[in-house]
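Just below is one structure, and these are the notes that go with it.
In what follows, chains are A, B, ... by sequence order, proteins preceding strands, each numbered from 1.
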2 protein chains.
Amino acid sequence: MAQKVKLSTIAETLGLSTATVSLALRDSPLVAEITRERIKEEARVSGYIYNRRAASLRTSKSGIVGVCVHDIMNPFYGEILKSVENELDRHRQTFVLCNHYDELSKQRAFLETMLQLGADGLIMSPAIGTPASDIRLAEDNDLPVTLIARTVDGSGVTSFRGDDTYGMSLVVDHLIAEGHRKIAMIGGTDLTSTGRDRELGYRQALERAGIDYRPDWRIQGPRSRHSGFDAAAEFLALPDRPDAVVCFSDLVALGLMYGLARAGLRPGIDIAVCGYDDIDEAAIAMPPLTTVSNGQSEVGQRAAGALLARLAGEPARESLELITPHLRIRRSSRLGGTGD
Amino acid sequence: MAQKVKLSTIAETLGLSTATVSLALRDSPLVAEITRERIKEEARVSGYIYNRRAASLRTSKSGIVGVCVHDIMNPFYGEILKSVENELDRHRQTFVLCNHYDELSKQRAFLETMLQLGADGLIMSPAIGTPASDIRLAEDNDLPVTLIARTVDGSGVTSFRGDDTYGMSLVVDHLIAEGHRKIAMIGGTDLTSTGRDRELGYRQALERAGIDYRPDWRIQGPRSRHSGFDAAAEFLALPDRPDAVVCFSDLVALGLMYGLARAGLRPGIDIAVCGYDDIDEAAIAMPPLTTVSNGQSEVGQRAAGALLARLAGEPARESLELITPHLRIRRSSRLGGTGD
DNA sequence: CTGAAAGCGCTTACAG
DNA sequence: CTGAAAGCGCTTACAG
């Protein structure tokens with residue numbers, strides 16, 4: 001491009017003012033239909049590129065929404081993001097992604113960048129240890145925030161997530177109904193609301209059934225496929241080994257099943273395994289994985305919707321929107337039974 | 001924030017000019033050390049937020065690099081992106097992600113957005129059907145492009161990808177060495193360079209071994225775990241069924257293995273299955289998957305490096321940088337054999 | 001229905 | 001070592 005084409009270039013070529021050109025390109029009815037068409041045609045043929053930085057500097061709207069999660073390669077987040085993306089696309093918002101890998105410094109750098117770029121809003125699954133003040137910093141600088149999957153107390157904003165305590169209790173109830181009494185739980189951490197809530201659901205369900213909680217059957221930590229795989233060895237070495245396992249997530253369960261299979265134990269035959277999230281892979285895994293549908297697409301859609309409402313002027317308020325999870329019974333938990 | 005703090009606010013407070021403040025905040029030696037410290041301190045306590053839109057409007061540098069791939073939820077791209085992210089992070093570039101899902105319109109919308117935001121550069125794995133002119137449009141508007149994983153002829157820019165033809169021939173050679181003669185290939189499409197090149201490697205390896213290519217043993221299409229799973233039925237119905245399969249990707253292979261196992265066929269025992277890419281999961285899968293390491297992190301790192309060089313002023317040139325793939329032999333391909 | 005002018009918040013020569 | 005002034009490319013009252 002020899003010479004950059006800008007509004008004023010078009011205005012000069014056509015003998016109009018930049019004001020008219022600006023209005024016409026945004027389809028303002030203030031400009032006569034015929035003038036509008038001439039202007040648009042000229043913009044097209046001259047290869048005009050709208051300069052959003054300039055516009056944004058003037059209007060203080062950027063059309064950018066930031067999205068920050070633990071790791072987009074995790075299908076659980078991926079599925080949420082897909083529905084967020086869908087929703088934002090329809091409102092012509094550009095969507096800027098970031099992984100924080102639970103490093104507060106990464107999350108802060110991203111937040112700072114969004115502030116500097118004048119982002120219109122932020123959707124985040126806060127990193128471990130996020131203080132409420134980080135979220136208020138954004139809000140105080142006109143950057144509305146909506147939380148997903150995890151909660152931060154005192155943030156003053158709306159969070160969307162599944163009802164993890166209830167969901168986990170559904171799984172454990174199911175295993176108990178299948179006749180299991182020795183049920184381990186693998187994965188998750190006390191440091192996130194998700195981890196705490198799912199463990200609570202596990203303990204409550206045991207308690208309701210009159211089964212003692214055994215700390216040695218609670219293996220904390222794993223949150224990925226790989227660490228689930230690694231946990232198999234630890235599980236197999238457990239004293240008085242349980243015959244059923246609930247996992248923090250599907251990813252952990254799928255990794256664990258690989259690990260158990262490698263050790264010669266057949267998931268769904270020798271041992272019951274359940275996951276959490278009902279990611280796409282759960283239904284086709286071998287064996288098909290019993291899990292809890294955690295409403296990823298609903299979380300994404302509602303979170304995006306709530307953020308758009310904030311952009312449209314709705315005030316912030318602290319609230320927790322719980323999506324009701326559903327049990328998906330498949331073969332991995334039905335020893336000797338049938339199922340898909 | 002009652003009142004937005006800007007450069008001029010700081011300048012007034014301190015009785016300095018905005019020029020001095022601007023220079024000081026960017027650590028210019030033109031400003032006296034002591035003045036610089038006063039300014040930075042004031043910026044800190046007043047909660048100043050640097051306005052990148054304004055700066056970028058002035059300098060026409062935005063600090064943004066766009067990255068556009070088929071689907072970031074695909075671990076193959078995820079692994080590339082992780083290393084791109086690493087590299088860009090070190091140069092304090094903000095990294096804006098986009099999935100095009102092989103829809104040209106989505107890719108174009110993203111390209112347009114990057115142009116409007118004045119992005120400094122673009123890394124992309126071009127959508128099916130991307131014309132060279134789309135890439136030249138970016139280049140002509142001062143938006144340097146580097147391609148990954150796929151190539152576009154006549155683009156005039158550098159591409160980084162694995163040597164797919166050679167890589168696929170390694171797998172097929174290995175199966176032949178294991179004694180297989182009836183080898184199917186599942187997945188991939190003629191519409192991408194990756195699909196074409198991997199199929200070519202398959203056919204060349206067969207030819208070298210004097211084995212006829214059988215079109216009915218070439219199942220095109222699958223490129224995801226789910227479609228790999230679905231392809232199992234088609235494969236099982238094949239006339240004169242092969243006893244070995246090479247897949248377009250690990251994801252396809254992993255899905256296929258789920259499908260075969262569900263049908264009662266044991267991958268790695270009754271049938272040999274190989275993947276491509278060597279994603280993290282391949283090594284822990286059950287059975288562990290024989291595959292080809294495709295150098296994802298090298299692709300990402302070198303592509304990011306090349307783009308940074310372009311940003312630093314290096315001219316564009318059309319070239320193809322092939323990363324040499326390596327065979328990873330695991331249990332899925334060694335019927336009756338041993339391995340990890 | 002269209003135009004002249006100010007201003008968004010920075011950076012960059014240029015002057016002193 | 002610091003300041004005054006112009007300008008990046010838009011949009012928005014305001015006037016006509």
_Upstream residue (5' side of DNA chain C) when E33(A) and A19(A) are each assigned their closest nucleotide_ = E33(A)
Would you say [X]'s side chain and [Y]'s backbone share a donor-acceptor pair under 3.5 angstrom?
X	Y	answer
E87(B)	A304(B)	no
D120(A)	S62(A)	yes
N51(A)	R53(A)	yes
S28(B)	L23(B)	no

*Could you label the plane-to-plane angle of the H100(B) and H70(B) rings as parallel, tilted or perpendicular, counting under 30° as parallel and over 60° as perpendicular?*
perpendicular
*Taking for each residue the nucleotide of DNA chain D with the nearest heavy atom, is it T20(B) or L57(B) whose nucleotide lies nearer the 5' end?*
T20(B)
_Contact nearer the 5' end of DNA chain D, comparing Y48(A) with A32(B)_ = A32(B)
*Taking any strand in view, what nucleotide pairs with dA15(D) in a Watson-Crick or G-U wobble way, both distances under 3.5 Å?*
dT2(C)
*Span of DNA chain C, from the first to the last nucleotide whose atoms fall under 4.0 Å of chain A heavy atoms*: dC1(C) to dG9(C)
*asked:* Using a 4.0 Å heavy-atom cut-off, does G118(B) contact any base of the nucleic acid, only the sugar-phosphate backbone, or nothing at all?
replied: nothing
*Would you indicate what T35(B) reaches in the nucleic acid, counting non-hydrogen atoms under 4.0 angstrom: base, sugar-phosphate, or nothing?*
sugar-phosphate
_Assess, by modelled atom type and distance only, whether the side chains of R52(A) and T94(A) contain a donor and an acceptor separated by less than 3.5 Å._
yes
